[in-house]
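Report on one structure; see the data block that follows.
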Amino acid sequence: MNSKNWPKFPVLFSLYIAQSIPMSFFSTVIPVIMRQGNYSLGSIGLLQLVKLPWIIKFLWAPLVDNHTANRRQIRQWIVISELFYAAIILGIGFFDLKTDFVLIVTLIIAAFILSATQDIATDIFAIKVLKHNERSLGNSMQSAGSFVGSLFGTGVLLVVYHYFGWQNLLFVLASFVVFALIPVLLYKPDLNTSEEPKKKVKIKDVFLFFNSKDTFRHMLLLIFYYSALIGILAMLKPYLVDLGYNIKQIGFMSGIVGTSVAALCALLGGFVVKKIGRRASFYLFACLNIAVAAYFFFLSKQVPSLMGIYTGICLLWGAYGFSTVIIYTSSMDKVRRNSEGTDFTIQIVVSHLSSLLVTIICSRLGDKFGYSGLFVTEILFGLVTLGLVYYNYPLKFAKNEID
């Protein structure tokens with residue numbers, strides 16, 4: 001990689017981390033603050049509505065696609081969304097959770113709409129600025145940025161709140177979002193844009209994405225690829241509670257150690273995919289996911305040592321970090337010209353919604369059959385995923401175009 005190409009990667013990292021830190025803070029830390037203030041569980045549950053814009057953002061992705069024909073327009077979407085995002089975060093700091101709860105939730109939802117819009121524009125920017133052989137590294141920036149954002153949003157900012165209070169915390173958060181715009185303002189990329197008139201993307205075009213047999217196979221793979229891990233991730237904290245660990249220990253083990261390992265593996269995953277190719281990476285990471293589920297199954301058959309627990313947490317989060325890179329990279333490969341933001345958004349939303357469904361299934365099975373039953377289910381999900389990898393990418397001895 002020459003010196004002219006490398007600046008795009010820190011630009012992408014800064015943009016993805018800028019959207020991740022506030023989102024992580026609002027969705028995970030505020031419930032802790034609210035519970036400390038004796039808010040009802042119903043009020044805390046209402047806060048989950050803030051995630052809605054990220055689930056339905058495909059509805060306005062065509063609008064962003066239709067107005068990102070050149071570098072200037074893409075930059076405008078990113079900068080304007082980010083500035084309004086920061087302004088709303090700043091504004092939230094002037095209100096009090098106790099007296100202005102509904103207003104604050106409304107403002108957070110508005111902030112998440114802008115954050116989701118920035119994400120769509122950033123994905124378009126990434127798809128256009130990254131060459132095919134750079135996409136794995138670019139998506140490692142995206143994955144790592146999200147994990148680092150979660151690390152800061154759930155850990156560091158809680159400490160900042162403890163020492164500096166609500167208003168100062170929100171000011172710091174807004175300032176960081178604005179500061180993260182500097183790299184994209186300084187970077188002058190040559191985007192892969194055409195001088196031809198751009199075909200307008202309509203809502204109905206969203207559904208046309210599913211028309212081809214190749215896309216159908218790919219979507220099946222997206223639906224199942226996280227399935228060997230996602231149930232364990234969701235039940236990890238209850239599992240640790242049942243093993244006798246306290247909240248502080250669990251926060252460090254999963255929130256600090258686990259997320260840090262995920263970020264490091266996401267960064268490493270980009271180089272792995274670039275080195276061995278997409279096909280081999282799909283197989284390698286799917287097998288790793290099965291191995292993680294098997295490790296937790298054997299762990300559940302004994303009283304695990306602290307080292308055994310830490311090993312499992314690192315394997316689990318590391319495998320998740322690797323998987324996100326190959327999912328994002330392959331999803332970029334499937335987008336249609338002129339509807340990059342829409343197509344990429346659809347794929348990622350589908351993978352997240354299917355993960356939610358798998359979590360519900362695994363939690364029910366965990367209730368009925370215990371943790372061992374849950375982990376066996378995850379192994380079976382992993383085997384199904386491996387079959388779908390073969391369905392999409394049959395084993396061949398010669399390197400082909402998919403790599």
Side-chain angles (χ1 to χ4, degrees), residues 5-26 53-54 56-91 108-131 134-135 137-146 148-149 153 173-194 198 201 328 331-332 335 337-349:
N5 285 338
W6 78 264
K8 67 184 71 172
F9 298 106
V11 169
L12 291 172
F13 183 77
S14 68
L15 289 174
Y16 284 117
I17 198 174
Q19 66 185 228
S20 177
I21 291 180
M23 183 171 63
S24 179
F25 170 76
F26 285 127
W54 277 74
I56 63 171
K57 63 181 179 177
F58 67 89
L59 294 175
W60 65 89
L63 173 67
V64 183
D65 267 320
N66 290 336
H67 296 89
T68 50
N70 53 55
R71 183 178 68 192
R72 180 179 58 84
Q73 288 184 332
I74 295 175
R75 194 190 301 269
Q76 282 178 345
W77 275 101
I78 293 173
V79 172
I80 293 173
S81 298
E82 196 86 338
L83 288 176
F84 277 102
Y85 183 34
I88 292 177
I89 292 172
L90 187 66
I108 292 174
I109 292 173
F112 273 38
I113 291 172
L114 291 164
S115 175
T117 303
Q118 186 260 40
D119 182 63
I120 296 167
T122 301
D123 290 337
I124 296 170
F125 172 80
I127 292 167
K128 289 183 177 294
V129 81
L130 294 169
K131 298 175 183 177
E134 296 174 334
R135 285 180 175 174
L137 298 181
N139 282 293
S140 71
M141 295 296 108
Q142 175 176 2
S143 300
S146 297
V148 171
L173 205 52
S175 299
F176 178 81
V177 170
V178 173
F179 181 77
L181 282 174
I182 294 175
V184 77
L185 292 173
L186 295 177
Y187 182 54
K188 307 291 184 184
D190 292 324
L191 298 175
N192 300 320
T193 51
S194 173
K198 191 171 182 179
V201 182
Y328 290 153
S331 295
M332 275 193 179
V335 300
R337 185 179 178 184
N338 294 333
S339 61
E340 293 88 354
T342 302
D343 292 353
F344 188 79
T345 298
I346 291 170
Q347 294 173 81
I348 302 308
V349 167

Handout entry: Test side chain to side chain donor-acceptor pair (under 3.5 Å) applied to Q118 - qualifying residues, sequence neighbours left out
Key =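 For Q118, the residues satisfying side chain to side chain donor-acceptor pair (under 3.5 Å) (neighbours in sequence not counted) are Q19, E82, T122.
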Considering only heavy atoms from C-beta outward, does the side chain of [X] approach that of [Y] to under 4.5 Å?
X    : Y    : answer
I78  : L181 : yes
I120 : T68  : no
F84  : I113 : no
P183 : P10  : no
M141 : L137 : no

Exercise for the section: Begin from the C-alpha positions of L12 and L130 and carry the test side chain to side chain contact (heavy atoms under 4.5 Å, CB included) through to its verdict. Expected result: CA-CA 10 Å; L12 291 172; L130 294 169; 4.0 Å; yes
Handout entry: S81 side chain vs W77 backbone, donor-acceptor pair below 3.5 Å
Key =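 The answer is yes, because a donor-acceptor pair under 3.5 Å joins these two groups.
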Measure the [atom1]-[atom2] distance between [X] and [Y] for me, rounded to the nearest 0.5 Å.
X    : Y    : atom1 : atom2 : value
D119 : Q142 : CG    : CD    : 6.5 Å
I346 : F58  : CD1   : CZ    : 7.5 Å
T117 : L63  : OG1   : CG    : 8.5 Å
S339 : I124 : OG    : CD1   : 9.5 Å
I348 : M332 : CD1   : CE    : 8.5 Å
S146 : I21  : OG    : CD1   : 10.5 Å

Considering non-hydrogen atoms only, spot the tightest contact between [X] and [Y] and give its length.
X    : Y    : value
W60  : P53  : CH2-O, 3.5 Å
P22  : V177 : CG-CG2, 3.7 Å
R337 : E340 : CA-OE2, 3.8 Å
A110 : I88  : CB-CD1, 3.9 Å
F344 : N139 : CZ-OD1, 4.4 Å
A180 : A18  : CB-CB, 3.4 Å

Practice task
Under the side chain to side chain contact (heavy atoms under 4.5 Å, CB included) rule, what do W54 and V349 come out as? Steps first, then yes or no, please.
Solution key: CA-CA 8 Å; W54 277 74; V349 167; over 6 Å; no
Exercise for the section: Could you please spell out the steps behind the side chain to side chain contact (heavy atoms under 4.5 Å, CB included) verdict for I17 and F176? Expected result: CA-CA 10 Å; I17 198 174; F176 178 81; 4.0 Å; yes
Practice task
May I have the step-by-step check of side chain to side chain contact (heavy atoms under 4.5 Å, CB included) for S140 and F9, ending in yes or no?
Solution key: CA-CA 9 Å; S140 71; F9 298 106; over 6 Å; no
Problem - Plane angle bin for Y187 and F125 - parallel if under 30°, tilted between 30 and 60°, otherwise perpendicular - result: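 Rings of F125 and Y187: perpendicular, over 60°.
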Problem - Residues that D123 engages under salt bridge (Lys or Arg N to Asp or Glu O under 4.0 Å), provided they are two or more places apart - result: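 Once residues adjacent in sequence are excluded, D123 has no partner under the salt bridge (Lys or Arg N to Asp or Glu O under 4.0 Å) criterion.
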Handout entry: Which residues share a side-chain contact (heavy atoms from CB on, under 4.5 Å) with V178, sequence neighbours left out
Key =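 Only L83, A86 meet the side-chain contact (heavy atoms from CB on, under 4.5 Å) criterion with V178.
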